[in-house]
Amino acid sequence: MRYDLILFDNDGVLVDSEPISNRHLAAYLTELGHPTTYEDSLRDYMGAAMHRVHDLVLERTGERLPADFDDVFHARVFAAFEAELRPVAGVEGVLEKLAADGTPYCVASSGSHERIRVGHRVTGLDRWFEDDRVFSSQDVGRGKPAPDLFLYAAERMGVAPERCLVVEDSPLGVRAAVAAGMDVYGFTAMTPPERLAGATRLFADMGELADLLV
């Protein structure tokens with residue numbers, strides 16, 4: 001089917017930020033006395049809003065993270081973004097095709113508005129995403145896997161959920177899209193296909209997506 005709106009996750013789908021952010025998250029949690037490997041971070045936090053990190057640490061250890069945890073973490077990640085961040089290979093071709101076809105699209109990310117904007121500025125993707133195309137978990141009460149963010153973005157863009165396609169690379173994001181009643185294509189570049197089993201279809205190379213959207 002031809003969709004009336006394409007909703008992109010940001011981290012790992014538009015910008016290649018998951019290796020950077022999860023490396024720093026694992027290191028910072030370990031530094032604070034909560035031993036976490038890079039693989040642990042990908043498994044537990046990939047695609048999640050920051051409140052999930054606080055919730056899981058409290059649930060598992062009974063300890064709260066420092067009040068400035070988010071600020072310190074983001075300062076480290078943003079500094080790394082400036083030096084290392086790149087767009088996901090092939091995604092600019094997808095955005096060019098959508099623009100040429102006149103297909104509406106937006107970003108709906110668990111990350112903060114600041115994180116989205118920093119990533120887009122560094123990678124040059126900001127030219128594709130005006131403010132009215134950018135939606136964050138900050139805009140709603142609950143992040144993924146709740147459907148709230150995707151439903152909010154679709155409402156703001158004026159498109160019914162059943163006419164939407166979500167592009168996601170995390171299990172939490174796939175669950176959120178399914179809960180929202182939207183089709184979802186699972187990007188398996190960093191995530192084992194079996195962890196995205198609820199997706200409408202799977203693809204491994206972002207270059208494939210433009211053809212899938214025909």
Side-chain angles (χ1 to χ4, degrees), residues 6-29 36 38 41-57 65 68-88 91 95 105-154 156-157 166-177 180 184 186-187 189-191 196 206:
I6 313 299
L7 299 93
F8 290 95
D9 176 42
N10 189 56
D11 295 290
V13 171
L14 295 176
V15 296
D16 195 15
S17 53
E18 293 291 8
I20 299 170
S21 58
N22 282 281
R23 186 175 74 243
H24 282 274
L25 180 56
Y28 189 27
L29 287 172
T36 305
Y38 172 72
S41 185
L42 287 176
R43 181 194 65 222
D44 292 339
Y45 305 121
M46 183 174 167
M50 287 301 295
H51 67 77
R52 180 176 171 85
V53 182
H54 291 263
D55 292 346
L56 278 185
V57 169
L65 291 171
D68 64 349
F69 179 87
D70 291 12
D71 291 338
V72 172
F73 170 67
H74 283 126
R76 296 181 183 187
V77 169
F78 292 168
F81 280 2
E82 296 287 348
E84 304 174 46
L85 192 62
R86 300 290 182 271
V88 168
V91 78
L95 295 171
Y105 65 88
C106 65
V107 58
S109 172
S110 291
S112 66
H113 278 282
E114 183 183 17
R115 179 184 173 115
I116 297 166
R117 281 307 184 196
V118 169
H120 287 189
R121 175 182 57 76
V122 170
T123 59
L125 293 184
D126 51 352
R127 69 190 181 99
W128 297 104
F129 292 94
E130 301 89 352
D131 288 344
D132 60 358
R133 293 179 188 263
V134 177
F135 303 98
S136 160
S137 61
Q138 288 181 313
D139 300 326
V140 295
R142 298 183 298 170
K144 306 168 189 178
D148 304 36
L149 174 57
F150 290 140
L151 292 172
Y152 174 76
R156 289 290 301 272
M157 296 292 289
V166 176
V167 183
E168 265 287 354
D169 70 333
S170 76
L172 293 175
V174 168
R175 286 168 55 194
V184 53
F187 183 39
M190 281 193 60
T191 308
L196 302 179
M206 189 58 70

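Everything numeric here is computed off the predicted structure, so don't read it as measured data. Positions are given from 1 along the sequence.
- The heavy-atom pair separating I20 from A80 by the smallest distance is CG2-CB, 3.6 Å.
- Atom CG of D126 is separated from atom CD1 of I116 by 13.0 Å, given to the nearest 0.5 angstrom.
- At least one side-chain heavy atom of F187 sits under 4.5 Å from a side-chain heavy atom of V88.
- Each of S21, S110, S109 was scored for a side chain to side chain donor-acceptor pair (under 3.5 Å) with R115, with one residue passing: S21.
- Under the rule for a side chain to side chain contact (heavy atoms under 4.5 Å, CB included), the partners of R142 that lie at least two apart in sequence or sit in another chain are A146, P147, D148.
- Side-chain contact between D132 and M157 is absent, with no heavy atoms from C-beta onward closer than 4.5 Å.
- The closest side-chain heavy-atom distance from E168 to L196 is not below 4.5 Å.
- Residue S41 comes nearest to N22 through the heavy atom pair OG-OD1, 2.7 Å, listed as atom of the first residue, atom of the second, then distance.
- Side-chain N or O atoms of Y152 include none that pairs as donor or acceptor with a backbone N or O of A108 at under 3.5 Å.
- For the pair L95/F8, a side-chain contact is recorded, criterion being any heavy-atom separation below 4.5 Å from C-beta on.
- For an aromatic pair to be called close, the ring centres must be under 6.0 Å apart, and F150 with F135 fails this.
- Ion pairing between a basic and an acidic side chain is recognised when a charged N comes within 4.0 Å of a carboxylate O; E114 and R117 show no such pairing.
- The side chain to side chain contact (heavy atoms under 4.5 Å, CB included) check on Q138 picks up S112, H113, S136, with sequence neighbours excluded.
- The heavy-atom pair separating R175 from P145 by the smallest distance is NH2-CG, 3.5 Å.
- Under the ring-ring contact (aromatic ring centres under 6.0 Å, His included) criterion, F69 pairs with Y28, H54, not counting sequence neighbours.
- Residues A48 and L172 come closest through the heavy atom pair CB-CD1, 3.5 Å.
- Between the OH atom in Y45 and the CG atom in L42 there is a gap of 12.0 Å [rounded to 0.5 Å].
- Contact annotation: the side chain of E84 never approaches that of P19 to less than 4.5 Å [non-hydrogen atoms, C-beta and beyond].
- Shortest non-hydrogen contact noted between D9 and D11 is OD2-O, 3.1 Å.
- Atom CZ of F73 sits about 13.5 Å away from atom CG of D68, to the nearest 0.5 Å.
- Considering CE of M190 and CD of E18, their distance stands at 6.0 Å, rounded to 0.5 Å.
- With values rounded to the nearest 0.5 angstrom, L14 atom CG is found 11.0 Å from D16 atom CG.
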Exercise for the section: Check step by step if side chain to side chain contact (heavy atoms under 4.5 Å, CB included) holds for M206 and V13. Expected result: CA-CA 8 Å; M206 189 58 70; V13 171; 4.0 Å; yes
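- In this structure R156 satisfies the salt bridge (Lys or Arg N to Asp or Glu O under 4.0 Å) test with no other residue, sequence neighbours excluded.
- For R52, there are no salt bridge (Lys or Arg N to Asp or Glu O under 4.0 Å) partners two or more places apart in sequence or in a different chain.
- Under the 4.5 Å side-chain criterion, counting only non-hydrogen atoms from C-beta, L25 is not in contact with T36.
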Practice task
Would you sort out whether T191 and D169 count as a side chain to side chain donor-acceptor pair (under 3.5 Å), showing the intermediate values?
Solution key: CA-CA 7 Å; T191 308; D169 70 333; 5.0 Å; no
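- Legend: residues meeting salt bridge (Lys or Arg N to Asp or Glu O under 4.0 Å) with E82, ordered by chain and number and at least two apart, are R121.
- V122 is not listed as a side-chain neighbour of V15, based on a closest heavy-atom distance of 4.5 Å or more.
- Rounded to the nearest 0.5 angstrom, F81 CZ and T123 OG1 are separated by 9.5 Å.
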